[in-house]
Amino acid sequence: MTDADVVIVGARCAGSAAATALARAGRRVIAVDSARFPSPTISTHLMWPGGLAELARLGALDRVESLGAPRLPTASVEIPGVRAAGGYSPVDGIDYAMCVRRTGLDLALVETARAAGAEVREGARVTGLIWSDGRVAGVEVSERGGRAYALRAPFVIGADGRRSTVARLVGAAQPYLSRRDGRACYYAYFDDPREELRPVAAQWRQGAELGTAFPCDDGLTLVLLMPPDARSADFQQDPEKEYDRTIDELLPGLRERLRGCVRRSKVFGAHALESYFRASNGPGWALAGDAGHFKDPVTAQGIRDALRFGRLLGETLAAQTGPATAGDPAPGTADPALQEALGAPAGVDAAVAAWERRRDHECLETFYWTERTGRAEPVGPLDVEMHRALRADPALMRRFLDVYSRIVRPGEALTTPRLAGWTLRALLRPGTDRTDLLRYVARTARELRQERAEINAPP
C-alpha cells in the first residue's frame, strides 16, 4: 500500500515547485516540512528577471507580486570613483528584479502548490527513510506533539536545504565538487523612506568589503554586507556593533544610501559557507534545491535554481506515465500507473539521472563564475576598467546583468578579448602595479582554462 505517488521533504522553493508540477499533472503529492508557514529562513531573497520568470512558470508570480515588494528595473554597481547602472533584457516579458522576504515568498509558493492539488503537511519532521528492495519507498515522520507515522511512496524528493536529512540518509551529504566561499553574509532590514531610490538594486565595493541595498516588501530595504569570511569573528563578538561600524566606516556609498533610513531588525548572519554539487539521484530518491546544489549567495542564484530544477524534476517524474488524461485518477489519489513506472528502476532512474545532468550542465559555469565573484579580494585595476566600460556602454551593462538572469553565459559577457582590453588599459594607466596585475591575470587565465575544460567535458 502507498500513500502518495511522490513524497517531498521540504516545502520551500524547490519542494513547492516540484509539488506544483506534479500536482498539476494529476499526481498524488504529499510535501512535509518541519516549519509552519509563514516561516522565516536565512536568505538574501533577491530574484533577477530570470528568477521571476520561474515564478511565472509555476503560476506563483501574481501571489508574490501582491506582497507589495517594489519592482527593481534598475541595477547599480559602484566602486570608488565609478558607478555604472542599467536595466535588464526581458525574460518572458519580465524586465525587473524583486526582493521578497521569505516569510511571504515561501507561503505564496506553498499556497500555489496547494491550489494545484498538492497536500502540504506543516510541523512535520522526517526522521528516517523506508527502504524496499534497495530503493527508497517512503519516509518516517514525527509531528509536533509527538505523533509519528510513515508515508509510503515509490519516490522521495529531498528538498530540505543545505543540511538535508535526506542527503544524509541516502549517503549523499559529502559533495563531489565544492568550494569554500570567500565571504560571510550579514543582513538586516531598514525602514526606507527614500522613494526615489526604491526602484534600484544597488551594490558597493570598497577595498575587500561588499554591501548591497535591495528594496523589499512592507516599505523595507534589505541591507546585506558580505565581508571577507576572515572577518566573521568580528561579527560574532558583537554582530550589531560590527554591522553598523562596517557601514559607517568601510562603505561610505552604502552609508549615504541609508541616510534617513532606520534599522528595524536584528542582524542575521551566516559564515563559513561552502558551495557544492552533491550526487542528487539514486534508487527511489532525488535531491532538489540546496539539498543537491548550492552557490555562494553573492550572485543571488539560489532561489531561481531551486524553482527551476524543482519544477523540472516534478515534470520529469510526472512524464513517466505521460500527461494526465480523463481516465487518470482524480487529483489527491495515488496513480497506479505512475507508481508502477516509478517502481521500475530502469525508466525512472534514467530520467532522473538525465535531470541531474541537465542541472549540472546549466549550473556549472555559473558555479565557477560565482566562486570567482565571491572571492574577498580588494577592488583592483581590472575591476576599475570593467566598471568604466560598463558605465560607458549601456549595452554592455545590460549584457553583464543578463548573466545574472541566466540568459547570457558568463563566458559570453566576460570574453577573452574584453578581458585583454581591460588588462591593457590597466597596464597603461599611471600608478598600476603591473607585476601584481599580470600575476592576477595569469592566475585567472589558468583557472578559466581549467574551468572551461570541465564545462565542455562530455557528461
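For the numbers below, each heavy atom of this structure counts, side chains included, while hydrogens, waters and symmetry mates do not.
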Side chain to side chain contact (heavy atoms under 4.5 Å, CB included) partners of [X], counting only residues at least two apart:
X    : value
R372 : Y368, W369, R375, E447, L448, E451
L169 : L129, T165
A75  : Y88, L401
S76  : R83, A85, V200, A202

Does the pair [X]/[Y] count as a salt bridge with the N-to-O cut at 4.0 Å?
X    : Y    : result
R359 : D305 : no
D229 : R183 : no
E371 : K295 : no
E122 : R36  : no
D436 : R439 : yes

Taking [X] for its side chain and [Y] for its backbone only, find out whether a donor-acceptor pair lies under 3.5 Å.
X    : Y    : value
T415 : E412 : no
H387 : D383 : yes
R311 : A18  : no
R257 : T212 : no
D217 : R101 : yes
S164 : D160 : no
T432 : R434 : no
S265 : Y189 : yes
R198 : C216 : yes

Q: Report the residues that fulfil ring pair (Phe, Tyr, Trp, His ring centres under 6.0 Å) with W48, sequence neighbours left out, ordered by chain and then residue number.
A: Y404
**Q.** Set of ring pair (Phe, Tyr, Trp, His ring centres under 6.0 Å) partners for F190, sequence neighbours left out
**A.**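 Partners of F190 under the ring pair (Phe, Tyr, Trp, His ring centres under 6.0 Å) test: none.
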Q. Quick one: are the ring centres of Y186 and F235 less than 6.0 Å apart?
A. yes
Q) Is the closest side-chain donor-acceptor distance between D402 and S89 under 3.5 Å? A) yes
Q: Could you verify whether a donor N or O on one side chain and an acceptor N or O on the other, from H271 and Q236, lie under 3.5 Å apart?
A: yes
Nearest heavy-atom neighbours spanning [X] and [Y]:
X    : Y    : value
R406 : C363 : NH2-SG, 3.6 Å
L254 : G211 : CD2-CA, 4.2 Å
A172 : L287 : CB-CD1, 4.1 Å
R409 : V403 : O-CG2, 4.0 Å

Q: Under the side-chain hydrogen bond (donor to acceptor under 3.5 Å, both in side chains) rule, what do R102 and S39 come out as? Steps first, then yes or no, please.
A: CA-CA 7 Å; R102 290 292 297 271; S39 169; over 6 Å; no
(Q) Checking R245 against D234 for the salt bridge (charged side-chain N to carboxylate O under 4.0 Å, His left out) test, could you report, in this order, the C-alpha distance in whole Å, the side-chain angles of both residues, the deciding distance, and whether it holds? (A) CA-CA 11 Å; R245 186 192 76 83; D234 300 334; 5.3 Å; no
Q: For the pair E274 and S178, evaluate side-chain hydrogen bond (donor to acceptor under 3.5 Å, both in side chains) and give the outcome as yes or no after the intermediate values.
A: CA-CA 7 Å; E274 180 186 40; S178 66; 3.2 Å; yes
Q: Using a cut-off of 6.0 Å, state whether more than 12 heavy atoms not belonging to R443 lie near its atom CZ.
A: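 Enclosed: over 12 neighbouring heavy atoms sit under 6.0 Å from CZ of R443.
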Q. If you draw a 6.0 Å radius around CG in D238, do more than 12 non-hydrogen atoms from other residues or ligands fall strictly inside?
A.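 It does: D238 CG has more than 12 such atoms within range.
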Q.
Let's go through T370 and R179 carefully: what are the C-alpha distance in whole Å and the side-chain angles of both, what is the deciding distance for side-chain hydrogen bond (donor to acceptor under 3.5 Å, both in side chains) to 0.1 Å, and is it a yes or a no?
A. CA-CA 10 Å; T370 297; R179 294 286 189 276; over 6 Å; no
Q.
T112 vs T20, test: side-chain hydrogen bond (donor to acceptor under 3.5 Å, both in side chains). Steps then yes/no.
A. CA-CA 7 Å; T112 300; T20 299; 5.9 Å; no
Q: Could you please spell out the steps behind the salt bridge (charged side-chain N to carboxylate O under 4.0 Å, His left out) verdict for E362 and R358?
A: CA-CA 6 Å; E362 290 189 22; R358 177 178 181 177; 2.9 Å; yes
Q) Do the rings of Y187 and H45 sit parallel, tilted or perpendicular, given the 30° and 60° boundaries? A) perpendicular
Q.
Within the structure provided, determine whether P80 and Q206 are in side-chain contact (heavy-atom separation under 4.5 Å).
A.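 With C-beta onward as the side chain, the pair touches.
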